[in-house]
Each structure stands twice: as C-alpha cells, then as structure tokens.
Amino acid sequence: MMDGQEGTSDEMLITQMAGGDEEAFRRLIERHQDRVYGTVSRMIGVIGPDVEDLAQQIFLRVWKAAPRFKPQAKFTTWLMTVTRNLVFTHCSTQAYKMRLRDGAVNPDTGEAFILEQRGGIAQNPRQELCTKELGEAVGEAYRALPESQRMVLHLRQNENLGYEEIAIIMKTSTSGVKSLMFRARDFLRKELSEYLSAPK
Amino acid sequence: MSNRSRDEQEEGELGSELEKLLASVPPAKAPPWFAAKVLARLRTEREAEAQRKWSWMPKWRWLMVGAGCAVLALGFFEWKDTTPTVSDRAVFAALDALVEDDAENRWWAGL
C-alpha cells in the first residue's frame, strides 16, 4: 500500500523499522490499526482491553519481526497472517474459553459499543432499538461461527481480500477457503433467516 | 438466478441481502490513541529488557573479576621458578677465562 500524502510504501516503512525508525512504525500503525483492531474485535467478539492488548501485541510482533520481513511477500498478507496466528492462539487459551463459557465475554457490550461508535446520526428510540437488535443478532451469529469460518468471512467481507490471499493467511487451499465461506454463508442464512426475505 | 450469482453462490459468496445485513454491523475501529499506546508499550518493554540486561551483567562481571584475582594470587604465592639462571659476574669470568686460555694457546704456538 502506498501512502498518498507521504508516498511511502508499507515495504519501505518496514525497511526503515528494521533500522529502528519509530516514526516509520507509527505511520505503519496508523495506516493499519483499523484493519487489525477490527479483525481482532470481530474474532474475539468484544471490544475492550482484551482487543486492545491483542492488537498491540500484533504490532509489537511486527516491529520485532521487521528485520526478517521478505519484501516479495505482500505486507497486508503478512500482517493478517500474524493477526490470525495471535488471535487463534488467544482463542485457544483456557482463560478465554472459560470467560466465553461463563458469559464474561458479554456480547451486548461489544456490539452495543460498535453501534454507539457508528451512530453519529441521531435516531429515534424505536429505530435505535431495531438497529441494536439487528446488531446483536448479527454479532451473535458471527460469534457462533467456528473461528476459521469467522476469519475467512471477515477477511472476505470486510477486508475485501481475494481467495488466494485468504488461503495464504489461513494456510489452506483456495478451495478450502471457498468451502469455509460456503459453510459460513449457510450457517448465517439459517441464523439470520428472520431478517432475510424468504428464498425465491 | 443469473449465471454469475450462481457461480458466486457455488464459490461461497454471501449474496447481496446477507452482505448488506452483515455490512450493517461493521467491525470496530481502533481508538485514536492506539498508535501512541503501542509506541509507549514498545518503549516500556525496551526499558524493561535493558534493565534485565544490566541487572544480569554485574553478576558476571563480579564473577570474572573474582576469578582473575584468584588466578593472580595463585600465581604470586605458588609460582616456583625452575629456570636455571647465571649471574653476570659468572658470565664475565667465563669470558675472561676463555680470552686468557686463547692467549696462552697462542703463546705456546709461538704466534
């Protein structure tokens, strides 16, 4: 990715970072923070200290790994691979599973925050309630998806990545990615059927 | 259903209705202070790492200084010089004897 204002590609910033340039690191974070933060929050299912901590860890790992970055790889693919690895490790930890089971990972908190963040326009209470309900339903459906399907869906839907790129990130084949997408779509269709019109 | 949309369905594309529904709940955005916090954490981690390095170093330094002193003390007290030595006076006496012997030989030879 090229920075329009400063004309510096991600790869150039990484090279500068490898030499210890913190300013280059700051620019790289600002460029990709929404992508990483959004992915982590989508995967973990909440917004809060956990997401921020994990997103910070991802960027710190990028900083440490900068000298080893090979320019032939696309930076965003590499970044999302790091993100995937850390998120999957986090999701497999006992603590996370316990919190998920005990309900400490509060789905309402996360999604409500998203809606608050999004809702710059004043809505009437009824509209607000509908939007909130819809947001919660979508959020719950997302959370109910297996991790790999959730990740693939997010990368395709929100990050607009191609199947080949997703396959590299997920360490699987293109057909594997398509299969995951297919299953995710089927699952979401069932889960959100009441918000979708009946199939013709 | 058109061919394109059938292909998309087969490939696992979401379909416009579901896509719109999911798009209505976009992923969260990073807070504005995020970059500053990452940089602050990087510096904190670096400082902690540097401190760990310095607290670890003196142990080794003291250990090396101690070992060096022990070696010097051992050398000072236990060193026994076994190399044979000859004093200057003995060397000059031997040389004088040689010269004298040579002069005597020359005298006998009538040189």
Side-chain angles (χ1 to χ4, degrees), chain A residues 22 25-30 32-42 47 51-53 55-60 63 110-111 113-115 117-118 131 134-139 141-142 152-154 156-159 163 177-186 188-189 192 195-197 200, chain B residues 1-69 71:
Chain A
E22 281 187 19
F25 186 38
R26 188 189 57 76
R27 277 159 62 190
L28 194 90
I29 296 169
E30 282 172 355
H32 296 285
Q33 59 183 12
D34 286 343
R35 170 174 285 140
V36 170
Y37 194 91
T39 306
V40 173
S41 71
R42 188 64 101 197
I47 295 168
V51 175
E52 206 171 316
D53 179 62
Q56 283 177 11
Q57 278 185 47
I58 290 163
F59 280 108
L60 290 177
W63 168 268
E111 293 308 321
F113 189 75
I114 294 171
L115 292 171
Q117 266 197 335
R118 209 158 45 93
T131 318
L134 181 68
E136 280 172 11
V138 172
Y142 249 115
V152 166
L153 185 67
H154 170 74
R156 182 73 180 154
Q157 175 76 9
N158 301 108
E159 300 301 330
Y163 286 123
V177 171
K178 284 177 183 174
S179 159
L180 286 169
M181 271 295 284
F182 185 82
R183 277 184 274 163
R185 186 203 62 183
D186 253 23
L188 288 177
R189 275 198 176 285
L192 301 169
Y195 301 98
L196 298 167
S197 53
K200 286 159 196 169
Chain B
M1 190 187 286
S2 70
N3 276 342
R4 189 174 172 275
S5 60
R6 193 183 297 130
D7 285 348
E8 284 178 348
Q9 290 275 317
E10 280 165 8
E11 284 197 344
E13 291 293 343
L14 293 172
S16 62
E17 204 178 359
L18 188 57
E19 213 165 282
K20 268 184 207 161
L21 192 63
L22 295 181
S24 69
V25 186
K29 288 193 171 180
W33 59 83
F34 183 77
K37 276 182 96 172
V38 177
L39 286 170
R41 187 167 164 178
L42 174 71
R43 283 172 203 139
T44 313
E45 281 192 6
R46 257 197 208 154
E47 275 167 25
E49 209 168 291
Q51 271 180 358
R52 272 200 300 275
K53 205 177 273 180
W54 280 112
S55 65
W56 172 81
M57 278 296 279
K59 281 181 196 164
W60 280 103
R61 249 191 335 209
W62 283 117
L63 212 69
M64 286 177 79
V65 168
C69 286
V71 167

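Letters go in sequence order (proteins before strands), and every chain restarts at 1.
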**Study point:** Pair A/Asp53 + B/Arg41, salt bridge at N-O below 4.0 Å
**Key:**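 Judged by the 4.0 Å cut-off on N to carboxylate O distance, A/Asp53 and B/Arg41 do form a salt bridge.
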Practice item. Just do the side-chain contact (heavy atoms from CB on, under 4.5 Å) check on A/Gln33 and B/Lys29 with the steps written out, would you? Key: CA-CA 8 Å; A/Gln33 59 183 12; B/Lys29 288 193 171 180; over 6 Å; no
Review point. Any donor and acceptor pair, going by atom type alone, linking the side chain of A/Asp34 with main-chain N or O of B/Ala30 inside 3.5 Å?
Key: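 Yes, the answer is positive, given that a donor and an acceptor are paired below the 3.5 Å cut-off.
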Practice item. Please answer whether the main-chain N or O of B/Glu19 pairs with a side-chain N or O of A/Gln157 as donor and acceptor at a distance below 3.5 Å. Key: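 Judged by distance alone, yes, a pair lies under 3.5 Å.
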Point to revise | Pairing residues for A/Glu30 by the side-chain hydrogen bond (donor to acceptor under 3.5 Å, both in side chains) criterion, not counting sequence neighbours | key: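 Expected list: A/Arg26.
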Practice item. Heavy-atom pairs under 4.5 Å with chain A are the metric here; pick the option from B/Leu42, B/Leu21, B/Leu39 that has the most. Key: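 Maximum pair count with chain A is reached by B/Leu42.
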Report yes if the side chains of [X] and [Y] come closer than 4.5 Å at any heavy-atom pair, otherwise no.
{"X": "B/Val38", "Y": "A/Phe25", "value": "yes"}
{"X": "B/Phe34", "Y": "A/Glu52", "value": "yes"}
{"X": "B/Leu22", "Y": "A/Asn158", "value": "no"}
{"X": "B/Pro27", "Y": "A/Tyr37", "value": "no"}

Check your understanding: Side chain, backbone, both or neither: which part of A/Ala137 has a heavy atom under 4.5 Å from chain B?
Key ->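 When you check distances to chain B, no heavy atom of A/Ala137 falls under 4.5 Å.
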Check your understanding: Quick one: of A/His154, A/Gln57, A/Gln56, A/Arg183, who has the most non-hydrogen atom pairs under 4.5 Å with chain B?
Key ->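 Between A/His154, A/Gln57, A/Gln56, A/Arg183, the count favours A/Gln56.
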Practice item. Identify the heavy atoms of B/Arg46 and A/Trp63 that sit nearest to each other, and give their distance. Key: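 In this case the closest contact between B/Arg46 and A/Trp63 is NH2-CZ2, 2.9 Å.
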